[in-house]
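The analysis underlying the following values was restricted to heavy atoms, covering all of them including side chains, and did not include hydrogens, waters or symmetry mates. Ligands are counted one by one from 1 in listed order, and the atoms in each one are counted from 1 as well.
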Amino acid sequence: MHLLENPPLLRLPYSQLHFQNSSVLPSFLKAMVVLANQVDQISLLGAPKPDAYFSGIPVINLAETGSADAIVKACQEFGFFKVINHGIPIDIMAKLEEEAVKFFSLPQVEKEKSGPPNPFGYGNKSIGPNGDVGWVEYLLFAVTSKPFSYTSMPVLQEPSAISFRSALNEYISAARKLASEVLELMAEGLKIEPRNVFSKLVMDETSDEIFRLNHYPPCPLLQGLNCSLTGFGEHTDPQIISVLRSNDTQGLEIALRDGSWVSVPSDQESFFINIGDSLQVMTNGRFKSVRHRVLANGLKSRVSMIYFGGPPQTQRIAPLTQLMGEGEQSLYREFTWEEYKKAAYKSRLADYRLGQFEK
Ligand SMILES: C=C1C[C@]23C[C@@]1(O)CC[C@H]2[C@@]12CC[C@H](O)[C@@](C)(C(=O)O1)[C@H]2[C@@H]3C(=O)O
Ligand SMILES: O=C(O)CCC(=O)C(=O)O
Ligand SMILES: [Fe+2]
């Protein structure tokens with residue numbers, strides 16, 4: 001709806017298009033004649049979309065004993081898992097989703113009052129400072145105090161934004177608590193002490209946390225073409241842990257250890273946990289940071305909310321001595337979170353950011 005009032009969103013590189021089935025190519029090319037006037041930077045580099053949902057995503061039931069071992073297994077194998085029976089009321093997610101939908105439905109000019117992102121604020125299509133693009137608009141927040149104050153975000157300053165602010169605060173507190181609980185189960189599963197060895201890094205007053213609301217709008221021009229768009233290109237998250245929740249629209253994909261991509265069935269009542277690069281380093285590669293991306297199908301809006309738990313800026317990121325076997329060497333040279341973040345912001349989304357820190 002608002003998408004049609006928003007021609008700039010339609011200017012997407014052709015490389016963002018992914019075909020489900022190569023037999024649609026002729027009709028797609030015909031449609032391109034129509035679309036060519038509206039979509040610039042065309043280059044046909046689409047990759048096929050995985051056919052089926054992956055049924056092998058590990059599911060961790062937090063109400064069950066034994067979840068610590070299952071979490072460690074999932075972190076080693078996938079760097080990704082789904083959490084159920086997490087105890088967070090659905091209402092907290094639904095309220096924030098409602099506020100997000102309200103915001104993304106505003107006229108473009110209103111949304112842009114909170115942008116461009118530098119790196120925080122409202123962003124449309126452009127991701128990060130180095131030329132990455134996707135079929136997405138988003139709000140990126142720095143969580144600088146608990147509860148945080150949103151000083152530089154016009155959209156949250158108006159008195160009428162009280163319900164948005166309170167939904168955000170409620171949701172972020174819940175996501176942080178879940179991140180901490182899961183990180184403590186990881187320490188338990190790895191049999192290392194103290195139990196809060198990971199969780200204290202995201203629970204500190206000075207922890208560097210980010211929160212993101214993503215909206216992948218429908219794309220009416222692509223309907224009937226059976227192809228998809230890159231909403232958010234492949235990447236790993238640089239932080240320790242990410243807690244993701246989406247509405248019931250599909251799109252999230254993860255790369256398996258063999259490099260193949262699989263589609264994660266959406267589940268609006270559950271959370272998905274991503275291992276970030278920093279946790280890969282702290283476990284000396286035992287846990288893998290998961291490569292993931294979002295392919296938007298163009299039919300239905302996807303709204304996602306992601307809490308990124310990072311450590312304080314000065315935190316040294318290195319393998320935990322408690323985890324190192326006899327004679328085991330660190331796979332990485334030492335760095336602080338501040339150094340890693342700086343390097344990340346100089347990189348493109350798909351870059352292998354840990355590469356320059358490997359020994
Ligand atoms: C292209 C970029 C966007 C990003 C900063 C970066 O230069 C490389 C890392 C990207 C990422 C991925 C995970 C999170 O969505 C994010 C907020 C983060 O911390 O690192 C984004 C950054 C961003 O969108 O600004
Ligand atoms: O929107 C999503 O589902 C995932 C987005 C993501 O990976 C990110 O914002 O880092
Ligand atoms: Fe991500």
> Where do Glu339 and Lys342 land on the salt bridge (charged side-chain N to carboxylate O under 4.0 Å, His left out) test, with the steps shown first?
Replying inline: CA-CA 5 Å; Glu339 285 173 275; Lys342 266 200 193 127; over 6 Å; no
Does the [X] side chain pair with the main chain of [Y], one donor and one acceptor, at a distance under 3.5 Å?
X: Ser207; Y: Pro311; answer: no
X: Thr283; Y: Leu279; answer: yes
X: Asp237; Y: Gln239; answer: no

Provide the number and element of each atom of ligand 2 under 4.0 Å from a heavy atom of [X].
X: Tyr216; result: 1 (O), 2 (C), 4 (C), 5 (C)
X: Phe308; result: 8 (C), 9 (O), 10 (O)
X: Leu244; result: 2 (C), 3 (O), 4 (C)
X: Val294; result: 1 (O), 2 (C), 3 (O), 4 (C)
X: His292; result: 7 (O)
X: Asp237; result: 10 (O)

> Ser163 and Glu99: side-chain hydrogen bond (donor to acceptor under 3.5 Å, both in side chains), yes or no, with the steps?
Replying inline: CA-CA 8 Å; Ser163 55; Glu99 293 296 335; 3.0 Å; yes
Heavy-atom contacts with [X] under 4.0 Å: which atoms of ligand 1 show up? List them by number with element.
X: Pro129; result: 7 (O)
X: Gln239; result: 18 (C), 19 (O)
X: Ser347; result: 1 (C), 7 (O), 8 (C)
X: Asp132; result: 1 (C)

> Does Tyr138 have Arg212 sitting over its ring (NZ/CZ under 6.0 Å from centre, angle to axis within 45°)?
Replying inline: yes
Do the charged groups of [X] and [Y] touch, with an N to O distance under 4.0 Å?
X: Lys125; Y: Glu137; result: no
X: Glu110; Y: Lys113; result: yes
X: Asp248; Y: Lys300; result: yes
X: Arg333; Y: Glu358; result: no
X: Lys200; Y: Glu205; result: no

Under 4.0 Å, heavy atoms only, figure out whether ligand 1 is touched by the backbone of [X], its side chain, both or neither.
X: Ser242; value: neither
X: Pro238; value: side chain
X: Lys346; value: neither
X: Ile306; value: neither

> Looking just at side-chain N and O atoms, do Arg291 and Thr236 make a donor-acceptor pair shorter than 3.5 Å?
Replying inline: no
Starting from [atom], find the nearest protein heavy-atom neighbour and note its residue, name and distance.
atom: atom 2 (C) of ligand 1; answer: Gly128 CA, 3.8 Å
atom: atom 10 (C) of ligand 1; answer: Leu349 CD1, 3.8 Å
atom: atom 16 (C) of ligand 1; answer: Arg212 NH1, 3.8 Å
atom: atom 6 (C) of ligand 1; answer: Ala344 O, 3.7 Å
atom: atom 12 (C) of ligand 1; answer: His235 CD2, 3.7 Å
atom: atom 5 (C) of ligand 2; answer: Asn214 ND2, 3.3 Å
atom: atom 22 (C) of ligand 1; answer: Tyr345 OH, 3.8 Å
atom: atom 13 (C) of ligand 1; answer: Asp237 OD1, 3.3 Å

> Which atom, among the N/O/S set of Asp237, is closest to the Fe ion (ligand 3)?
Replying inline: OD1
> Which N, O or S atom name in His292 marks its closest approach to the Fe ion (ligand 3)?
Replying inline: NE2
Please state whether the rings of [X] and [Y] are parallel, tilted or perpendicular, taking 30° and 60° as the class boundaries.
X: Phe141; Y: Phe211; result: parallel
X: Phe335; Y: Phe357; result: tilted
X: Phe104; Y: Tyr122; result: tilted

>> Same cluster or not: Ile172 versus Ile162, using hydrophobic residues (I, L, V, M, F, W, Y) connected whenever any side-chain heavy atoms lie under 4.5 Å apart?
In response: no
>> Test of understanding: given a 4.0 Å heavy-atom threshold, classify the contact between Ile306 and ligand 2 as side chain, backbone, both, or neither.
In response: side chain
> Where on Tyr138 is there a heavy atom closer than 4.0 Å to ligand 2, on the side chain, on the backbone, on both, or on neither?
Replying inline: neither
> Taking the minimum heavy-atom distance to atom 2 (C) of ligand 2, which of Ser304, Ser246, Gly134, Ala296 ranks first?
Replying inline: Ser304
>> Among His235, Arg212, Arg302, Met305, which one puts a heavy atom closest to atom 10 (O) of ligand 2?
In response: His235
> Judging by distance only, is a nitrogen or oxygen of Thr236 under 3.5 angstrom from one on ligand 1?
Replying inline: no
> Is there side-chain contact between Phe103 and Phe164, with at least one heavy-atom pair below 4.5 Å?
Replying inline: yes
